[in-house]
Amino acid sequence: MKTLEYRLGVDVGGTNLVAAVVDGSFRILSKVSIPAGAHRGIDEITGDIVRVSRMAVEEAGIPMEKVSSWGIGMPSCINPTTGLLVHANCFGWKNVPIFHYLEGKLPLPLKIENDANCAALGEALAGAAKGRSNVLMLTLGTGVGSGIVIDGKLFTGADGMGAELGHTKLVYDGRPCTCGQKGCLEAYCSATALIRTAREAVGGHPESEILALAGGNAGKINGKTVFDAAAKGDSLAKSILDDYVSHLTAGLSSFITIFRPEAIILGGGIALAGDALFGRLAAKLPKLTFGAAQIGVPPVLPATLGNDAGLIGAAFL
Ligand SMILES: [Zn+2]
């Protein structure tokens, strides 16, 4: 691919609308962010998506004719057959004909895709998994987002509703999940799940370092508090983390068995824990994974692009 090729990528979130011009070497030439104003109507928000896109092209200092494509990551599944955006919670949108609002508003071919899928594509093309064409990515944050790249292309399944690794069943009839089901991986492996487990556990262990690090206020416990307390040798924190990593390992081992990716990328707040997370995973994963004794397990790597992954992935849809 030529460096002198420019693409426009947009990351639509509930807080900000961000647009970037990316060149053929995956370098970001310009990046513009404006508030999403999520309380507003769809005409105003989509109008601002167009506006921020134009602003990014202007800031890059290149004419629109030199831009070859426009890709947008949205916080929802997009049905590629009907063109409907299925459900964007932050905007209160359900079954919105999103292409109707955006197609033709810039003189560029338009693609729209789920934002977690865009992030996975970005990390596969230009980030932690650069050079690999079979990659899974999970984002361990408020929920668990995911994307699947097979042979260098996103896999999204029928009606674009697949690739939801966060909602695969980890425990039959287990913890309730935000999706309405029970026992999903997200209910055990999101940052929210880790924090909730820790807040509940300190009730029976007021002596725990977790509570001390949170200033005695269980409501102030976050993911980092648990990792920090474990690093100080706190037995409750170590046991909570052990349980958390065991559940995550069980999920990843299943995904490896199904897909045999060349790498798994972990993003989101939890992935910032570094070796405290990745070291524990590397120790457990071979013991739980089919075929590990014969062919090992693929590397589990921290995401490297942060929020730029979604922009680069969107640009290269
Ligand atoms: Zn779920």
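Residue indices begin at 1 and follow the sequence shown. Just so you know, ligand 1 is whichever comes first in the structure, and atom 1 is the first atom listed for that ligand.
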Review point. Looking just at side-chain N and O atoms, do Thr225 and Asn222 make a donor-acceptor pair shorter than 3.5 Å?
Key: yes

Review point. Would you find a donor on one side and an acceptor on the other, under 3.5 Å apart, between the side chain of Glu123 and the backbone of Ala128?
Key: yes

**Study point:** Test log, rule side-chain hydrogen bond (donor to acceptor under 3.5 Å, both in side chains), inputs Trp70 and Ser53
**Key:** CA-CA 9 Å; Trp70 186 26; Ser53 300; 3.1 Å; yes

Review point. List-wise, which protein N, O or S atoms are found short of 2.8 Å from the Zn ion (ligand 1)?
Key: His167 ND1, Cys177 SG, Cys179 SG, Cys184 SG

Check your understanding: With distance as the sole test, does Ser146 use its side chain to make a donor-acceptor pair with the main-chain N or O of Leu165 at under 3.5 Å?
Key -> yes

**Study point:** Under 3.5 Å donor-acceptor, Arg175 side chain and Ala187 backbone
**Key:** yes

Practice item. Please determine if Lys284 and Asp242 form a salt bridge, counting it only when a charged side-chain N lies under 4.0 Å from a carboxylate O. Key: yes

